[in-house]
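Accompanying notes for the structure given below.
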Amino acid sequence: MQYNFKSIEKKWQAYWSENSTNKVVENYKQDKFYILDMFPYPSGAGLHVGHPLGYIASDIYARFKKTKGFNVLHPMGYDSFGLPTEQYAIQTGIHPKIATDENTKRYRSQLDKLGFAYDWSREIRTSDPNYYKWTQWIFKLLFNSAYCTIQGKAVEISDVIDYFDSNGNIGASYFCDDNIEEFTASQWKLFSEEDKQRILLCYRLAFLSDTMVNWCPKLGTVLANDEVKEGRSERGGFLVEQKKMKQWSLRITAYADRLHEGLNDLDWSDSLKEMQRNWIGKSKGVTMKFNTESDDLIEVFTTRSDTLFGVSFLVLAPEHELVDRLTSDQQRNDVDTYLNSSRLKSERERQSEKKMSGVFTGGYAYHPFTGDKLEIWIADYVLASYGTGAVMAVPCGDQRDWLFANHYNIDISNIFKDVDISNSAYEGKEARIINSDFLNNLSCEDAINLSIERIVKEGIGEKRINYRLRDAVFSRQRYWGEPFPVYYLNDIPYLLDDKTFVTLPDIDKYLPTESGEPPLARAQKDDWNVFKGDRMDTNIMPGWAGSSWYFLRFMDPLNDTEFVSREKLEYWGQVDLYIGGAEHAVGHLLYSRFWTKFLYDKGLIFFEEPFKKLINQGMILGRSNFVYRIKDSNTFVTKSKKDEYETISLHVDIDFVDNDYLDLDKFKNWRNEYSDAEFILDSDGRYQCGFEIEKMSKSKYNTQTPDDLIEKYGADTLRLYEMFLGPLEQFKPWDVKGISGVHNFLKKLWRHIHDKDNNICVSVDTASELSYKSIHKTIKKVEEDIERHSFNTVVSTLMICLNELIEQECKNQSIISDFLILLFPYAPHITEEIWRELGNKESITLASFPKFNSKYLAEDQISCPVSFNGKMRFKILLPFNMDKNKIEDLVMSHEKTKKYLGSSKPQRIIIVPNKIVNIVF
RNA sequence: GCCCGGGUGGUGGAAUUGGUAGACACGUUGGACUUAAAAUCCAAUGAGCAGUAAUGUUCGUACGGGUUCAAGUCCCGUCCCGGGUACCA
């Protein structure tokens, strides 16, 4: 009998489950470590080999931290609200709850087979009413809060009321809002209750407003900006259009600056932080007011106030509020035509159009410094929703302005020294400024500073920071999500009281109503667990609502009176390590940070950032195989001969292919149409398939489930192999070719310490010096590598160590035990089995990491002199026990060294064991 | 266009601070064991040149330069691949 992974893995998985080995209990005296995976959306397709990659890494790190003495929280749950399940419900009529239950069951069994050490008693599902009632609770907090720009934090809505009672809101930008009405304190007091509510709605962090939204007709819902990729829905790939609708939004823009600044201290990858920075899009600049002929003020925003004297005209967005007043009678017709045509264009069409288009209003403005008369144009390359919706056009310094000026024959003046702008604008920042009055001869940076100073001093404008980030649309017109704890009276939204939450009502059909209302409008009065006012809110929250705070709930998932208890919150704190895919860079990861900062403001949690360290695991790509069918025939030709024919390439299931060679019988049996297929083969009688690396997908027949591989090699092998594939962060194609290598490693380990009858055979005699060297070298390297999350190199290190122990015929029990503990995080089943065979009563999960002893760590290598500088210092890598004369000889005999030293002798030699050494001459 | 990554044998990848490039594994080839297969074990394996051989020697980390006694690693320029993002003023 050899290494029987099937029975071993089954046995220990059952044991761990029966004995709740992985249950985590708060131990306030022990150091904690919180490690989290991005919880999965339980789709119908189940897991493929790409999914567990991050889970394996986190499991390894969690187990490792446990052997290092930490109390490790490593929970798992499901992000179980979402679109695909609902689409499935529409097609089949099956309630999303039932489909979700089935899918999670399947996920669970797949995860269990991999031997993960999750504490399943803490499992949460976002679609569980006991969970989402707390999501609703946070929504209520957001609704009852506003953002005070002076204090720089969220405040109670009652603070806003107090402020209005004594100050009104004239002039002050004391709170973040989207209100345009101004009123005095006395006017405020005279408003009706309804009017007050309507105004307050403009100040709440969760607010209802008419906004341009991304409407996806095919999905029948609105989408957030991060759910739209290149004008299409991220899920489904349907066209998305712009539409004005009354929607819930969250005022994330209030937090733009804190979200931007907070990135600096996070231990996240640079690329990911950069993505968030770009998404927030912070730009520092200045606003400037231009007087017009008609005595209006046009306010523009610019980051390049140094180019102030290069302005040749102004451009307004078509939606700008002054367009109508500025248009002259002669131009009225042209302007109306242009406005109509641009209104008909979707955002996408506007953006895809490369040609500049615009129209002259007939109006003029005056340059605030030169007094020059500037034409005012309208063009849709200026966006109404960014900055002030108007720009000062500097054709010599901005390519868009240059193209526009060129197209409409507007003069282009040059303010850059020694720069040719006849073919394009100069967008660099190196040139000196000329033709610019008080900015002449300054560098770009100095000119920006001086110009801002003057602009502010003369009262023409003020410093301003703009953000690209927009408020997050928070409602969806779908069914399978969190309902809002909101009812309406006279079309004004009111919250349900503190203790009341809405459970998702059952409905007969999951489609929108005939009148176009969301599916929840199908629910009759009695279908709701609570019904107040004229009507209930029939929107649901977006997919990211539940996932924006789930890491908090894991600390205390069963708490019925609080979202999480203070005590547990204080103990577990921030997530120390978060592992997941980079596709959530500007969605989930930004929203979680936003909610965390908000809850921090409310004094409910004690940290401002949710995830201290983040690792993005790279996607595992599939390797698809192709066969080549000769056109209009049922004959398939091998790869090497395909160019001799006119062929169509077809995806073929990778199960029928071994090492790119097709199993002809399996292929023929795949589908009826192939049963009498004919083949043109290679000279060796085989059919070779083509291949391509693509995303794993069912339709490409290139998915590989973990289940098949576990069946064939066992979970321990799969875990080791997924790590062995390469660096965690890297995108890599899945390829099973190498799996036999790690499987052999486990078999070798088994054989090394078992005899022919499969009995454990180790020795208690003292091992050789060499063997201690091997194991201690390995202990050191494994610890360092796991700590720096280099999970792939650990596997090699362990393989080398085992090879050495085998060669040394070392079966020393304590060395083997140490080795098992090192291997345990990667391969928990086989190590647990051997651990018990060695006579240990307790599970290996309770073992502690072996202590490394530096006395076994001498280097054997000698390298040549390595460094030379003017002071005649040399660096040399050598064993620390080598004597000085020998070193001297070594140095003196080295060819290149001789060249520099001639015959002089070293004066002093400084030796640092095992390190590079300085030799002073 | 802009911003981030990255480019190392036939393949996946090592090389942690500039210090023997190619660890470890796959694959391939040859051999042992076997009636045979599977399994296992041993050996060779970056390229070129010289040699019967041990061995010696030159080239070699996308390309071209540079710094250094020493460069896969640092600097400058070019090319290619991947990701993000875009009329954001």
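Just so it is clear, the structure is predicted and the values come from calculations on it, not from any experiment. Residue numbers begin at 1 in each chain, while the letters A, B, ... track the order of the sequences.
Salt bridge annotation for A:Glu804-A:Lys773: absent, with no cationic side-chain nitrogen under 4.0 angstrom from a carboxylate oxygen. Salt-bridge check for A:Glu784 with A:Lys781: failed, with every basic side-chain N at 4.0 Å or more from each acidic carboxylate O.
RNA chain B is contacted by both A:Arg304 and A:Ile800; A:Ile800 maps to the nucleotide lying nearer its 5′ end (nearest heavy atom per residue). Place A:Glu427 and A:Thr797 on RNA chain B by their nearest nucleotides, and A:Glu427 ends up nearer the 5' end.
A sub-4.0 Å separation between OP1 or OP2 of B:rA89 and a side-chain N or O of A:Ser283 is present. Contact check, A:Arg400 against B:rG1: no side-chain N or O comes under 4.0 Å of OP1 or OP2. For A:Gln730, a side-chain nitrogen or oxygen approaches OP1 or OP2 of B:rG13 to under 4.0 Å. The phosphate of B:rA89 (OP1 or OP2) has a side-chain N or O of A:Tyr386 nearer than 4.0 angstrom. Dashed line: the shortest gap from a side-chain N or O of A:Asn278 to OP1 or OP2 of B:rC88 is not under 4.0 Å.
Distance CD1 (A:Ile739) to C1' (B:rG13): 17 Å, rounded to an integer number of Å. The distance between atom NZ of A:Lys777 and atom C1' of B:rA23, rounded to the nearest whole Å, is 11 Å. Between the CG atom of A:Asn466 and the C1' atom of B:rA86 there is a distance of 17 Å, rounded to whole Å. Here the P atom of nucleotide B:rG6 and the NZ atom of A:Lys732 are 15 Å apart, to the nearest Å. Rounding to whole angstrom units, CG of residue A:Asp270 and C1' of B:rG84 are separated by 14 Å. Protein atom CE of A:Met619 is 10 Å distant from nucleotide atom C1' of B:rG83, rounded to whole Å. The separation between A:Leu798 atom CG and B:rA25 atom P is 12 Å, rounded to whole Å. Atom CZ of A:Arg277 is separated from atom P of B:rA86 by 18 Å (rounded to the nearest Å).
Distance check on atom P: B:rA23 versus B:rA44 gives 12 Å, rounded to whole Å. Taking atom C1' in both B:rC63 and B:rG10, the straight-line distance is 23 Å, to the nearest Å. Going from the C1' atom of B:rU73 to that of B:rA21 covers 11 Å, rounded to whole Å. Using C1' as the reference atom, B:rA39 and B:rU55 are 37 Å apart when rounded to the nearest Å. Separation of the C1' atoms belonging to B:rG12 and B:rG22 is 13 Å when rounded to the nearest angstrom. Nucleotides B:rC76 and B:rU20, compared at atom C1', are 29 Å apart to the nearest Å. Taking atom P on both B:rA43 and B:rG48, the two are 24 Å apart, rounded to the nearest angstrom. B:rC26 and B:rG46 have their P atoms separated by 16 Å, given to the nearest Å.
Residues A:Thr253 and A:Asp471 have side chains that bring a donor and an acceptor to within less than 3.5 angstrom of each other. For the residue pair A:Tyr467 / A:Ser283, no side-chain donor-acceptor distance below 3.5 Å is found, with atom types taken as modelled. Judged purely by distance below 3.5 Å, without hydrogens or angles, the side chains of A:Lys748 and A:Asn803 pair a donor atom with an acceptor atom.
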Under 3.5 Å, which N/O atoms of the protein pair with N/O atoms of nucleotides 38-45 of chain B?
from   : atom 1 : to       : atom 2 : distance (Å)
B:rU40 : OP1    : A:Asn744 : OD1    : 2.9
B:rU40 : OP1    : A:Lys747 : NZ     : 3.2
B:rU40 : O3'    : A:Arg751 : NH2    : 3.2
B:rC41 : OP1    : A:Arg751 : NH2    : 3.2

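If you check every strand for non-hydrogen atoms under 4.0 Å, A:Phe301 touches a base. Within 4.0 Å (heavy atoms only), A:Pro733 reaches no atom of the nucleic acid at all. Contacts of A:Arg470 with the nucleic acid, taken as non-hydrogen atoms under 4.0 Å apart, include base atoms. Residue A:Asn792 is in sugar-phosphate contact alone, with no base atom involved, counting any heavy-atom pair closer than 4.0 Å across all strands shown.
Closest to the side chain of A:Ser271, from the set B:rC4, B:rC26, B:rG83, is B:rC4. Looking at the side chain of A:Phe724, the nearest of the listed nucleotides B:rC24, B:rG84, B:rU85 is B:rC24. Listed nucleotides B:rA23, B:rA14, B:rU16 differ in distance to A:Thr793; the shortest reach to its side chain belongs to B:rA14. When distances are taken from the side chain of A:Arg468 to each of B:rA25, B:rA86, B:rA23, the shortest belongs to B:rA86. Proximity note for A:Val391 (side chain, C-beta onward) versus B:rA89, B:rG12, B:rA25: the nearest is B:rA89. Closest contact between the side chain of A:Ser740 and the listed nucleotides B:rC88, B:rC26, B:rA14 involves B:rC26.
With hydrogens and angles ignored, the 3.5 Å screen pairs a side-chain donor or acceptor of A:Arg719 with a backbone N or O of A:Pro825. Checking side-chain atoms of A:Asn616 against main-chain N and O of A:Gly580 turns up a donor-acceptor pair under 3.5 Å. Judged by distance alone, with hydrogens and angles left aside, the side-chain atoms of A:His320 form no donor-acceptor pair with the main-chain N or O of A:Ile378 at under 3.5 Å.
Partner of A:Tyr721 under the ring-ring contact (aromatic ring centres under 6.0 Å, His included) criterion, out of A:Phe791, A:Trp734, A:Tyr713, A:Tyr826: A:Trp734 alone.
Centroid-to-centroid, the aromatic rings of A:Tyr408 and A:Phe313 stay 6.0 Å apart or farther. For A:Phe5 and A:His743, the gap between ring centers is short of 6.0 Å.
Anti is the glycosidic conformation of B:rG30, whose angle departs from 0 by more than 90°.
Residues passing the side chain to side chain donor-acceptor pair (under 3.5 Å) test with A:Lys463, sequence neighbours excluded: none.
Looking at RNA chain B, the stems built from 3 or more consecutive Watson-Crick or G-U wobble pairs, each pair with its key distances under 3.5 Å, are B:1-7 with B:79-85, B:10-12 with B:24-26, B:27-32 with B:40-45, B:46-50 with B:55-59, B:62-66 with B:74-78.
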